[in-house]
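Single-structure report; data block below.
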Amino acid sequence: MDFIDLKTQYRRLKPSVDERIARVLEHGQYVMGPEVGELEQKLAEYVGARHCIGVASGTDALLIALMALDIGPGDEVITVPFTFFATAEMIALIGAKPVFVDIDRGSYNMDPDKLEAAMTPHTRAIMPVSLYGQCPDLDAIDAIARAHDVPVIEDAAQSFGATYKGKRSGGLTAIGATSFFPSKPLGCYGDGGALFTNDDDLARVMREIRVHGQDRRYHHPRLGLTGRLDSIQAAVLLAKLETFDEEVAARRRLGERYAELIRIKFGTGPQALVHAPEVESYNTCVFAQYTVEVEHREIVETRMKQLGVPTAVHYPLSLHMQPVFKDLGYKEGDFPNSEAAARRVISLPMHPYLSDAQQIEVVDALAQAVA
Ligand SMILES: Cc1ncc(COP(=O)(O)O)c(C=O)c1O
């Protein structure tokens, strides 16, 4: 069994992926070819945002968003400590200070009730993460952001295809940033990402930063990057978009079925040996990861491996405890929800082509592993 099976998807989409890639090889515009523009238009429509800017990775998307808002040394950006490293890494890389707000224990996302206390006169942006494929309570976060007149950047790397109150992740905030890393809900065959905004000025600036800060050839009003999405990746994404809605539906169905199987096998409440994730009533979730909680995780990981079921841990160390962030002055105990999650979470195989029999095999293995 694969943790994420990309080969089955490729076999299904092969004619269209191969044809799209072959077209790029023929026309030869390998960077910023017509596929990039076509993809940007389709993704903007899908998300419901005025602009989409294809970029080289989810990490570059976060970096470009922060650069476009002119954030730098002396500034603070609020995020969560329970996320992939890149979220806080990009804040620190541009010289700003990551300020952490603990997560809600049920959704693993930023707890808006803890946000106000973290705001200071130096706060320049709030960067919540839509972890595991569902959005945080963005209206509650937005209300605080508006009161302080700072923008919200959604790190939507794991939530492309998800909805919050009926609207698509990525298009809900001043800037949305997503990733097309192969294992993501919409993944390419290398690195890729995208930015979304309704703001014409921000869109123009982000397009400039994507290509060395140039507004026309060899004319640079600002600094930037080589941050472009390449044409072959755009071609792969265009082919994958054809079946994306079906895959999102499959992810939701599989997520619900996992929850049902876990409820039947382990029960619910604090005594249950395995806790299934909760999807908030206002959300749909794309389950970029299907992540449960267990006691004695290391033992469970080893036993699952012995039983032939791959697992992964997203993420084993809360970011305030990462060695590189020791100068931020945080200590163990500062973010109890994030720390507890980091000790207990374990992700199970999840992809749209997981069969019913495989799901039963995973949950049966889990029952043996936690016994
Ligand atoms: C929450 C989060 N933010 C940012 C990123 C960075 O995306 P990429 O790997 O495309 O640079 C990831 C990807 O793993 C992620 O999960």
Side-chain angles (χ1 to χ4, degrees), residues 3-4 6 39 43 52-67 77-94 98 100-101 103 107-110 125-136 138 141 152-162 164 169-170 172-173 175-196 206 209-210 225-230 233-234 236-237 240 251 277 285-291 312-320 322 325 338 341-342 345 347 350-351:
F3 185 68
I4 293 174
L6 296 170
L39 179 74
L43 293 183
C52 168
I53 298 118
V55 295
S57 68
T59 303
D60 272 4
L62 295 173
L63 180 60
I64 292 170
L66 292 162
M67 288 172 78
V77 177
I78 297 179
T79 190
V80 283
F82 192 62
T83 174
F84 180 60
F85 183 61
T87 317
E89 180 190 25
M90 290 305 105
I91 298 168
L93 191 71
I94 56 161
F100 296 122
V101 165
I103 55 164
S107 67
Y108 302 102
N109 280 327
M110 181 179 280
I126 303 169
M127 197 149 88
V129 180
S130 298
L131 202 75
Y132 300 153
Q134 71 168 323
C135 294
L138 287 170
I141 292 170
V152 178
I153 305 167
E154 183 197 3
D155 181 343
Q158 301 187 7
S159 57
F160 193 80
Y164 170 80
S169 173
L172 298 155
T173 54
I175 302 175
T178 197
S179 163
F180 302 128
F181 186 74
S183 61
K184 294 289 190 265
L186 180 64
C188 55
Y189 291 162
D191 280 305
L195 287 152
F196 299 93
M206 292 194 292
I209 294 172
R210 171 173 72 170
L225 315 164
T226 301
R228 298 165 293 223
L229 179 70
D230 70 66
Q233 300 311 334
V236 170
L237 292 165
K240 287 205 186 187
R251 284 176 176 280
C285 181
V286 286
F287 295 104
Q289 276 82 238
Y290 192 87
T291 305
V313 175
H314 305 97
Y315 297 91
L317 190 60
S318 184
L319 295 189
H320 70 292
Q322 286 289 353
F325 290 141
S338 180
V345 290
S347 303
M350 181 66 179
H351 57 84

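Every number for a ligand or one of its atoms is a count from 1 in the order of the listing.
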Which residue holds the protein heavy atom closest to atom 5 (C) of ligand 1, what is that atom called, and what is the gap in Å? Phe84 CD2, 3.6 Å
Thr79 (side chain) donor-acceptor with Met127 (main chain) under 3.5 angstrom: yes
Within the 4.0 Å heavy-atom shell around Val129, which atoms of ligand 1 are there? 1 (C)
Lys184 to ligand 1: N or O pair under 3.5 Å? yes
Note: ligand 1 atoms sitting under 4.0 Å from heavy atoms of Thr83 are 1 (C)
Heavy atoms only, cut-off 4.0 Å: how does Tyr315 contact ligand 1, side chain, backbone, both, or neither? side chain
Is there a donor-acceptor pair under 3.5 Å between the side chain of Arg210 and the backbone N or O of Val55? no
Look only at interatomic distance and state if Gly58 has a nitrogen or oxygen under 3.5 Å from any nitrogen or oxygen of ligand 1. yes
Cut-off 3.5 Å, side chains only: do Ser169 and Glu154 have a donor facing an acceptor? yes
For atom 3 (N) of ligand 1, what is the closest protein heavy atom, and at what distance to 0.1 Å? Asp155 OD2, 2.7 Å
Aromatic plane relationship, Phe84 with Tyr315 - under 30° parallel, 30 to 60° tilted, over 60° perpendicular: tilted
Could you check whether any side-chain N or O of Asn109 sits under 3.5 Å from a backbone N or O of Gln134, counting only pairs where one atom can act as donor and the other as acceptor? yes
For Tyr132, which of Tyr290, Tyr108, Phe287 qualifies under ring-ring contact (aromatic ring centres under 6.0 Å, His included)? Tyr108
For Thr87, the ligand 1 atoms with a heavy-atom partner under 4.0 Å come out as 3 (N)
At what distance is the nearest protein heavy atom to atom 16 (O) of ligand 1, and which residue and atom is it? Gln158 NE2, 2.8 Å
Please name the pair of heavy atoms, one in Ala157 and one in Thr178, separated by the smallest distance, quoted to 0.1 Å. CA-OG1, 3.8 Å
Interfacing atoms of ligand 1 (cut-off 4.0 Å, heavy-atom, Ser179): 7 (O), 8 (P), 10 (O)
Report the C-alpha distance between His320 and Phe325 in whole Å, list the side-chain angles of each, state the deciding distance to 0.1 Å, and finish with yes or no for side chain to side chain contact (heavy atoms under 4.5 Å, CB included). CA-CA 6 Å; His320 70 292; Phe325 290 141; over 6 Å; no
Residue, atom and distance of the protein heavy atom nearest atom 15 (C) of ligand 1 read Ala157 CB, 3.5 Å
Where on Thr59 is there a heavy atom closer than 4.0 Å to ligand 1, on the side chain, on the backbone, on both, or on neither? both
